[in-house]
**Student:** 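Sharing a structure here in structure tokens format.
Index from 1, following the sequence. Keep in mind the model is a prediction, meaning the values are calculated, not measured. All ligand and atom numbering here is 1-based and tracks the order in the structure.
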Amino acid sequence: MPQIRLDKYISERTDYTRSQIKTLTQKGKIAVNGEIVKKSDTKIDSDTAAVEICGTAVSASKFRYILLNKPDGYVSSTEENDGISVMTLIPPELNKKGLFPAGRLDKDSLGALLITDDGDLAHRMLSPKSHVPKIYLVKLDRSFESKYVDIFSKGIVLSNGEKCLPAKVKAVENCDKLALIELHEGKYHQVKRMFAAVENHVEKLMRITVGGLILPEKLRFGECIELLHKDVENLFNPPDFDDFSPDFISYFSAFMLNN
Ligand code: URA
């Protein structure tokens, strides 16, 4: 039963300052487990308390995790130096100080991007040691060749001499210009450079998984969903590369071909 002051609990999970929280409690705007609490220094159980401000639930997690379906033309950075930041796509009710994109997708890349303020988790996820796999669907300029499977599985050498870790790749059924590729690392422009090394060219790239986080089909470009901490732990429990349903792949493939 970890006891914590109500104002500390709220300020760790929202942008309200302690003095704003004091005023809100005095006005009877804050409820804990359905009961109005009038003093901001009241101790609550941080594991079980359901806190509401003006009838809106405060997220139980200290950190926020958002899965964005990144559209073309946005930069995966909190800065706006090279284009409009993906952070501008986060609606105000989910936005919170300290959020940043955990990992990068190129400006013209699409798909799953985790946005969080949990630095430890981002570090664990991006650390080369953790090898969290990421799966990309790519549209190629030239037909997929079966020799790529062997070349990528041995760890391809890029044009600048950098060696990649072994990667899985396969053609998408019924479409010789679409392929799925699974990487366990994140070098700069890696997927594009890997296909360039076999004299092909990536025309379009969409990330469909980050570890166990799978891009939901219902999520349109530019939309995002808040994830629960337990969903995020799935990051470290990825699906098998060969286990996706044909319907799931054909849903995203149709998009890649028709847009
Ligand atoms: N590899 C690339 O080339 N681009 C991305 O955005 C992600 C992986």
**Student:** Between D82 and K107 (salt bridge meaning N to carboxylate O under 4.0 Å), is one present in this structure?
**Tutor:** no
**Student:** If hydrophobic residues (ILVMFWY) are linked whenever their side-chain heavy atoms come closer than 4.5 Å, directly or via other members, who joins V157 in its cluster?
**Tutor:** none
**Student:** How are the rings of F152 and Y148 set to each other: parallel, tilted or perpendicular (split at 30° and 60°)?
**Tutor:** parallel
**Student:** Between the protein and ligand 1, which nitrogen or oxygen pairs come in under 3.5 Å, and how far apart is each?
**Tutor:**
{"unit_1": "ligand 1", "atom_1": "1 (N)", "unit_2": "V191", "atom_2": "N", "d": "3.1"}
{"unit_1": "ligand 1", "atom_1": "3 (O)", "unit_2": "H189", "atom_2": "O", "d": "3.2"}
{"unit_1": "ligand 1", "atom_1": "3 (O)", "unit_2": "Q190", "atom_2": "N", "d": "3.4"}
{"unit_1": "ligand 1", "atom_1": "3 (O)", "unit_2": "V191", "atom_2": "N", "d": "3.3"}
{"unit_1": "ligand 1", "atom_1": "3 (O)", "unit_2": "K192", "atom_2": "N", "d": "3.1"}
{"unit_1": "ligand 1", "atom_1": "4 (N)", "unit_2": "D106", "atom_2": "OD2", "d": "2.7"}
{"unit_1": "ligand 1", "atom_1": "6 (O)", "unit_2": "D106", "atom_2": "N", "d": "2.8"}
{"unit_1": "ligand 1", "atom_1": "6 (O)", "unit_2": "D106", "atom_2": "OD2", "d": "3.4"}
{"unit_1": "ligand 1", "atom_1": "6 (O)", "unit_2": "S109", "atom_2": "OG", "d": "2.7"}

**Student:** Please enumerate all residues that pass side-chain contact (heavy atoms from CB on, under 4.5 Å) together with K8, with sequence neighbours excluded.
**Tutor:** I4, R5, E12, R18
**Student:** Would you please name every residue forming a ring-ring contact (aromatic ring centres under 6.0 Å, His included) with Y16, sequence neighbours left out?
**Tutor:** none
**Student:** Find out if a path of hydrophobic residues (ILVMFWY) with successive side-chain heavy-atom gaps under 4.5 Å connects V191 to I249.
**Tutor:** no
